[in-house]
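Quick note: numbers below take in every heavy atom, side chains included, and nothing from hydrogens, waters or symmetry partners. Please read these numbers as outputs of a predicted model, since none were measured by experiment.
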Amino acid sequence: MNTFSMNIAITISHAYVPYAYTLLLSLPAHDSAKFQVYVLHRDLTDEDCNVLSSLSKLYDIHVHFICVPVSFSEAFTDTSAPAETCFRLCLPALLPDTLDRILYLEADMIATASLMPLYTLDFAGKKAACTTDASGNISASVLLLNLPLLHDTPDYPSVFRHALADSFDVHNIFRTSICREDLLLLDSLEYNLSATAAFSQYGLHAATLPDNVRLLHYTGEKPWHGDHLHNDLESLWWNYAKKSPYYPALLEQTIKGMILGTNVITYISNIQKEHRQLTAIVDQYQTLLEKLS
């Protein structure tokens, strides 16, 4: 039995349960801790809750469900993104007062190394720790919250309605709710590395992922989306997904997307068209050179 407890928060809908299950499977692979997982939701079924709770039979993972009150969830109904993506902003108001800190993770991530250095981080009086996006803006994808300093946040629903009326997304709302001076900025390459960027920009592969990358984030196209160009960093996600009860359904979903989708075919057709155009240009220059020689 592990004596060190790590509080984890996720906010998910019924549709995201299989991906959240996969994320949770990745946590004990890298840390010996008792994981207290708080799931904020509004539509999980009894079966969803039972499946997630069953993780405690295999691992030291204990799941607690918090159904977000209508007064909170209705504040996000006008946003184009699912309301669940904004529930992270309600964590200080809805979590038990006994918690001193919690690590929020988006469900389309996996841990690839120990999260202990992040979880035990000294806040140094700051309210939260987070990463930044590619443009240097504050990101709310990974949040370590110093809860005692956040319980005095003003009326959440009214604040969120006002922000959403100004077309703010969840990251913008978080940026405006906490001053940058109250935040510890984390290394994004270590704690929020986009799998797409890791492959396309940094040339990383599953076998060459640096040891200091602790959280791999499948932004944009997901491993379970069949109709896109895949890379081998997705195999790290599938290594955990295959241990879940959702594995057969995930495989079927992905293969169906590969068979019926048109994005990859369109991509290849565009490359072939571009190749023909470039070949025609080269031929024109070749003809011109022959006339000049």
Is the count of non-hydrogen atoms from other residues, nucleotides or ligands lying under 6.0 Å from [X] atom [atom1] greater than 12?
{"X": "His64", "atom1": "NE2", "answer": "yes"}
{"X": "Gln277", "atom1": "CD", "answer": "yes"}
{"X": "Asp211", "atom1": "CG", "answer": "no"}
{"X": "Asp283", "atom1": "CG", "answer": "yes"}
{"X": "Glu252", "atom1": "CD", "answer": "no"}

Side-chain touch [X]/[Y], heavy atoms, less than 4.5 angstrom:
{"X": "Ile61", "Y": "Ser56", "answer": "no"}
{"X": "Leu44", "Y": "Tyr16", "answer": "no"}
{"X": "Ile138", "Y": "Leu185", "answer": "yes"}
{"X": "Leu204", "Y": "Pro210", "answer": "yes"}
{"X": "Lys222", "Y": "Tyr19", "answer": "no"}
{"X": "Leu193", "Y": "Ser188", "answer": "no"}
{"X": "Trp238", "Y": "Leu236", "answer": "no"}
{"X": "His230", "Y": "His225", "answer": "no"}

Do any N or O atoms from the side chain of [X] and from the backbone of [Y] form a donor-acceptor pair under 3.5 angstrom?
{"X": "Arg101", "Y": "Leu121", "answer": "yes"}
{"X": "Lys242", "Y": "Tyr247", "answer": "no"}
{"X": "Asp31", "Y": "Ala33", "answer": "no"}
{"X": "Arg214", "Y": "Leu115", "answer": "no"}
{"X": "Asn146", "Y": "Leu149", "answer": "no"}
{"X": "Ser32", "Y": "Pro28", "answer": "no"}
{"X": "Ser135", "Y": "Asn137", "answer": "no"}

Kindly give the heavy-atom pair with the smallest separation between [X] and [Y], and that separation in Å.
{"X": "Val63", "Y": "Leu52", "result": "CG2-O, 3.5 Å"}
{"X": "Gly257", "Y": "Asp227", "result": "O-CB, 3.5 Å"}
{"X": "Ser26", "Y": "His30", "result": "O-CD2, 3.2 Å"}
{"X": "Leu150", "Y": "Pro92", "result": "O-CB, 3.7 Å"}
{"X": "Leu118", "Y": "Leu144", "result": "O-CD2, 3.1 Å"}
{"X": "Leu27", "Y": "Leu105", "result": "CD2-CD1, 4.3 Å"}

Answer with yes or no whether the side chains of [Y] and [X] bring together a donor and an acceptor at under 3.5 Å.
{"X": "Asp43", "Y": "Ser13", "answer": "no"}
{"X": "His41", "Y": "Glu84", "answer": "no"}
{"X": "Tyr119", "Y": "Asn7", "answer": "yes"}
{"X": "Asp48", "Y": "Thr45", "answer": "yes"}

How long is the span from the [atom1] atom in [X] to the [atom2] atom in [Y], to the nearest 0.5 Å?
{"X": "Ser200", "Y": "Leu229", "atom1": "OG", "atom2": "CG", "result": "11.0 Å"}
{"X": "Tyr191", "Y": "Ser141", "atom1": "OH", "atom2": "OG", "result": "15.5 Å"}
{"X": "Leu94", "Y": "Leu89", "atom1": "CG", "atom2": "CG", "result": "11.0 Å"}
{"X": "Asn50", "Y": "Glu47", "atom1": "CG", "atom2": "CD", "result": "7.5 Å"}
{"X": "Leu25", "Y": "Tyr240", "atom1": "CG", "atom2": "OH", "result": "9.0 Å"}
{"X": "Leu260", "Y": "Ile255", "atom1": "CG", "atom2": "CD1", "result": "11.5 Å"}

Please test Tyr38 against Leu95 for side chain to side chain contact (heavy atoms under 4.5 Å, CB included), starting from the C-alpha separation and ending with a verdict. CA-CA 8 Å; Tyr38 294 83; Leu95 288 170; 3.8 Å; yes

Full working for side chain to side chain contact (heavy atoms under 4.5 Å, CB included) between Val213 and Leu189: CA-CA 7 Å; Val213 174; Leu189 298 182; 5.9 Å; no

For the residue pair Tyr246 and Tyr21, categorise the inter-ring angle as parallel (less than 30°), tilted (30 to 60°) or perpendicular (more than 60°). perpendicular

Evaluate the ring planes of Trp237 and Trp224, with Trp represented by its six-membered ring, and classify them as parallel (under 30°), tilted (30 to 60°) or perpendicular (over 60°). tilted

Would a single hydrophobic cluster contain both [Y] and [X], if residues Ile, Leu, Val, Met, Phe, Trp and Tyr are joined by side-chain heavy-atom contacts under 4.5 Å?
{"X": "Phe65", "Y": "Leu55", "answer": "yes"}
{"X": "Leu99", "Y": "Phe123", "answer": "no"}
{"X": "Met109", "Y": "Leu145", "answer": "no"}
{"X": "Ile10", "Y": "Leu250", "answer": "yes"}
{"X": "Phe35", "Y": "Leu23", "answer": "yes"}

Are Thr85 and Phe87 close enough, and set up right, to give a side chain to side chain contact (heavy atoms under 4.5 Å, CB included), and what steps lead you there? CA-CA 6 Å; Thr85 64; Phe87 287 173; over 6 Å; no

Run the side chain to side chain contact (heavy atoms under 4.5 Å, CB included) check on Leu143 and Thr131 step by step: do they pass? CA-CA 8 Å; Leu143 300 173; Thr131 63; over 6 Å; no

Determine, stepwise, if the pair Ser235 / Asp232 fulfils side chain to side chain donor-acceptor pair (under 3.5 Å). CA-CA 5 Å; Ser235 67; Asp232 67 352; 5.9 Å; no

Checking Thr132 against Ser139 for the side chain to side chain donor-acceptor pair (under 3.5 Å) test, could you report, in this order, the C-alpha distance in whole Å, the side-chain angles of both residues, the deciding distance, and whether it holds? CA-CA 5 Å; Thr132 56; Ser139 169; over 6 Å; no

